[in-house]
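Before any comments, here is the structure.
All values below were derived from every heavy atom in this structure, side-chain atoms included, with hydrogens, water molecules and symmetry-related copies excluded. What you are looking at is a predicted structure, and each value in this text was computed from that prediction instead of being measured. Proteins come first, then strands; the chains are lettered A, B, ... in the order of their sequence lines, and each starts at number 1.
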Amino acid sequence: REAGYITNALSDFFFKYETPRQVLVRNRRVGVVCRLIQLGVLAYIIGWVFIYEKGYQSTDTAVSSVFTKMKGVGYTNVDGEERVWDMVDYVFPEQGDSSFVVMTNYIITKGQKMGKCPELTEPRYLCNSDSDCERGIIERTGHGHMTGKCVGNTTKTCEVVAWCPVEDDHAIPDPALLMSAENYTLFIKNSVTFPAYGVKRSNLVEGIDNQYIKSCVYDPTTSPLCPIFRLGDLVQLSGFNFATIAKGGAIGIVIDWTCNLDYDQSECKPVYTFHGLYGNPNEIDMARASVGYNFRYAKHYMEDKQEKRTLLKVFGIRFDIIVRSVARKFDIIPTLTAIGSGVGIFGVVSLAILHILSGISKHTASQVGYSIS
Amino acid sequence: REAGYITNALSDFFFKYETPRQVLVRNRRVGVVCRLIQLGVLAYIIGWVFIYEKGYQSTDTAVSSVFTKMKGVGYTNVDGEERVWDMVDYVFPEQGDSSFVVMTNYIITKGQKMGKCPELTEPRYLCNSDSDCERGIIERTGHGHMTGKCVGNTTKTCEVVAWCPVEDDHAIPDPALLMSAENYTLFIKNSVTFPAYGVKRSNLVEGIDNQYIKSCVYDPTTSPLCPIFRLGDLVQLSGFNFATIAKGGAIGIVIDWTCNLDYDQSECKPVYTFHGLYGNPNEIDMARASVGYNFRYAKHYMEDKQEKRTLLKVFGIRFDIIVRSVARKFDIIPTLTAIGSGVGIFGVVSLAILHILSGISKHTASQVGYSIS
Amino acid sequence: REAGYITNALSDFFFKYETPRQVLVRNRRVGVVCRLIQLGVLAYIIGWVFIYEKGYQSTDTAVSSVFTKMKGVGYTNVDGEERVWDMVDYVFPEQGDSSFVVMTNYIITKGQKMGKCPELTEPRYLCNSDSDCERGIIERTGHGHMTGKCVGNTTKTCEVVAWCPVEDDHAIPDPALLMSAENYTLFIKNSVTFPAYGVKRSNLVEGIDNQYIKSCVYDPTTSPLCPIFRLGDLVQLSGFNFATIAKGGAIGIVIDWTCNLDYDQSECKPVYTFHGLYGNPNEIDMARASVGYNFRYAKHYMEDKQEKRTLLKVFGIRFDIIVRSVARKFDIIPTLTAIGSGVGIFGVVSLAILHILSGISKHTASQVGYSIS
């Protein structure tokens, strides 16, 4: 009896189904509108899902490696002391990272050694007696560890254990000492690997050979694929001007790899864009609060058995190379999903139209339509 | 004849369409339930798609540049030798990267030069005769290239070509020599550019001027926008304690830029969060396997025409500054898409409800409803 | 009267609704097909949305920190001068970054000092008289600042202010001097924190203890979780060969953290993959245009009160460690959304089937079906 009940229910489930009664309507205006809306939806689905969103393709982002190399020599003549600055001297760090600094100006403090000496003659370091210099207290922005003594002949300041003499960075050379940095060139080598497709690309694309590289300089219109950039051009393309950014600033270089691998992979080429990040004084509020980009750097040496150092306060332009990559290729799974969702949207819209039309046809169907079932 | 057939088919396609027969039902309870469900779906679509998911906006991520600067001076007094450590001495690398290390402890080996000397008196380097030191074999963890000789007076070890004398790093100073690092401050300058909207922001937002920066220290509740962080606070906010992380560890600083550019861009402000990555011994398994964060670093110099170096094994805290950015702004294309998908969902749900209701109305429609067509 | 109109409209809105007339059809073949299609759609929704796309889970990406440490000692014997290279000498930068270079070959130029000297005897620097060397012009690829003099005994070249003597990098040692780099080992420590779930993981997972680390070497099949990699293996796994990449190249190491946190978090383990980025000459076009990976590096020292430097042109392998992370965990919001969209798709397809079937049933319904309303 129970078995019979289940069999019955199953056969009901499989052999019966409900379907809405349809009315076949013959109406010129409504029919045309209905078909046009359907065509519009179809066009939208194909246009949007397939052509604009490329719903038939899967995507992958790249494993990327950036290597940079500066070329060019700077020359300074400070108080008759001729000096030349090559890439080893003006690029930090030295190993060709994707983020690096090119020195454009500096304050040099030679021959510092560990010892005791008076602080700078700035208001906050001034003192009248030893009691003004509490021993051991280290001012957050001071140069050393206070000994507790107040020293000096005319202007007395607290004595500190520090790298002596302490650096005085009040006079920043203006114009920047290494304005010639404008003519340095930057070579960018960028390799991208799309693991999902096993495709490996370099920004030295087809046609960018040794001969071309030796003579080319990047230009957004005439040489958009030359991987050699003049620093002055970079600054200008980012919307800044060299004289002010030489006091310290940052520029972002974006390498955009948007590749459609359904075409030949030689079509997959990089696009360079440049963004001034900070450094020009017309950025009103920022400029007021922060004084450009600078850091300190020391070269250590031994002299007369004592450790000494040459301290450089380096002002420079920081370059951040950012790789943005997305490759697309035909794939069966997203295609099916896109078709499915397209059919879904089409179905919904069609039914919605019919739903609305059935309201309109209330008044007309009884005259022109006829029942089918 | 064929032309007539095609014309016929076309006119059929355009002028005829099918629409389901509708039943207009008048039923209090079912009607109310039906409308309430529709209103619920509408509320869900508006609430979810538009308010929660912000479907009417396009998004962009930023090109970002981070520049850091440490301030503060450390002081050590080892065996009466006073020494001061400034940012040039304790920050690696020097140029203010977004990822850097602050030295908190060190083991110094002075005056190493290239030559031949015995290995450390550790079990694995011990030997009885020359045959125990096979020439040329370089132990993976050894300090040099074995010469093949077994040397030494009491405890014999293999001789190596190496930077001599070899470093002995068994005794790690405890507590860390530079515990004063707790009072160093970190200044973070972060510029973000959203290329799609041409919006440039800095973490030095409106109101963060030179005056404020000179005196403020970051505090999550009272000064959440001050870009100056006390190292001790950073460590504490990341859930670690300074005394243990001083042996070596890593902290992640996340700068979150989630901006709604439909408001004024001065509303676009960074939020800082801190994540202890490794370094505290209560991370049971990890601590057992790895001994914190340390690396070696050498200062080279010439003495008596010979190259020498001072080797430092540096223990420190590594800071990784990670910028997460997303800006949103009204855009017509996602708005249309969102409306489309909203209408789609609404349509599906409405039809589904009607479908279900038509089951319910089987029993009622014949009594209360009436046919429309 | 108006109030009555509104009340009427409202009661109409709430108490009346339209529902399509249903036809209950009893047809074996059509019924079975209809149900099978519905089951298929249901299976697709559950399989795709829930199992494949994991639509019931929310996702988070990690805050990650990578720390690297090289071990191993290189040995060179050039012209009888024995020298050993430890990690301090061959890794750039020294602090254990996620992107670093291991030196495999070098050209050394000792004792450079600032001064005046002739350029290299290359065609582009040759001159006959002073007029060939226009004063002050700095050739982009030259070594210094031209003084305007043409000097030399037999082969005359322009004189430059530069680090003298200028580097001659024409003879690249072949085979690479530090081929022993093949036996160096790389230790990678990678911590990831998923902030949304408060989960912290390290690549030193459960079972990777101090004992294991001391002896293990990574192998994709036998030791896939050992965090110690032999350089030779890395190069081979990335599809390159050591002898050619030693001239300069780049390898990407991807650490993939794809974690399902609905399982125990000890199941969340890293997977390492290796991608040769550039460096082997069978990459046809690239190899022609760029000469591997190299950079220059100087060690400064003082000799006889004069600043001197030892310049190294370093050829090496660059390693870029890239962490890709995504963690998933059950979350009520995406679950509801997935169910909603699943119901939506199911509804659409069901209605579409019925729509199609109503066409088929034109011919059959009138015989077997019966009207319900």
Which value, rounded to the nearest 0.5 Å, describes the distance between A/Asp86 atom CG and C/Glu167 atom CD? 9.0 Å
Separation between CE (C/Met302) and OG1 (A/Thr310), nearest 0.5 Å, reads 4.5 Å
Got a salt bridge between A/Lys110 and C/Glu307, using NZ or NE/NH1/NH2 to carboxylate O under 4.0 Å? no
Between C/Arg318 and A/Asp97, is there a salt bridge with N-O shorter than 4.0 Å? yes
As an exercise, state the distance from CH2 of A/Trp85 to CE of C/Met114, rounded to the nearest 0.5 Å. 7.5 Å
Considering only heavy atoms, which portion of A/Thr68 lies under 4.5 Å from any heavy atom of chain C: side chain, backbone, both, or neither? neither
Answer with side chain, backbone, both or neither: which region of A/Thr185 has an atom nearer than 4.5 Å to a non-hydrogen atom of chain C? side chain
Part of C/Lys299 within contact of chain A (heavy atom distance under 4.5 Å): neither
Heavy-atom contact with chain A under 4.5 Å, split by part of C/Val101: side chain
Residue C/Lys113 excluded, over 12 heavy atoms near NZ under 6.0 Å: no
So what's closer than 4.5 Å to chain C heavy atoms on A/Asp304: side chain, backbone, both or neither? side chain
Go through it in stages, so that I can follow the logic: the residues are C/His143 and A/Val84, the test is side chain to side chain contact (heavy atoms under 4.5 Å, CB included), and I'd like the CA-CA distance, side-chain angles, deciding distance and then a yes or no. CA-CA 9 Å; C/His143 293 87; A/Val84 144; over 6 Å; no
Neighbour count above 12 (heavy atom, 6.0 Å) for A/Gln306 CD: yes
Using only atom types and a distance under 3.5 Å, with no angle test, would you say the side chain of A/Lys71 pairs donor to acceptor with the backbone of C/Gly142? no
Check whether A/Val91 gets within reach of chain C through its side chain, its backbone, both or neither, counting any heavy atom under 4.5 Å. neither
Between C/His145 and A/Thr76, is any pair of side-chain heavy atoms under 4.5 Å apart? no
Note: vs chain C, highest number of non-hydrogen pairs under 4.5 angstrom among A/Gln95, A/Glu94, A/Lys308, A/Lys214 is A/Gln95
Under 4.5 Å from a heavy atom of chain A, the part of C/Ala250 involved: side chain
Distance, nearest 0.5 Å, that separates CH2 of C/Trp163 from CZ of A/Arg83: 5.0 Å
Does any heavy atom of chain C fall under 4.5 Å from the side chain of A/Glu303, the backbone, both, or neither of them? side chain
What part of C/Ile251 lies closer than 4.5 angstrom to a heavy atom of chain A: side chain, backbone, both or neither? neither
Select one option (side chain, backbone, both, neither) describing which atoms of C/His275 are under 4.5 Å from chain A's heavy atoms. side chain
Distance in Å, C/Asp320 CG paired with A/Phe67 CZ, rounded so as to fall on 0.5 Å steps: 12.0 Å
To the nearest 0.5 Å, what is the distance between OG (A/Ser202) and CG (C/Leu277)? 10.5 Å
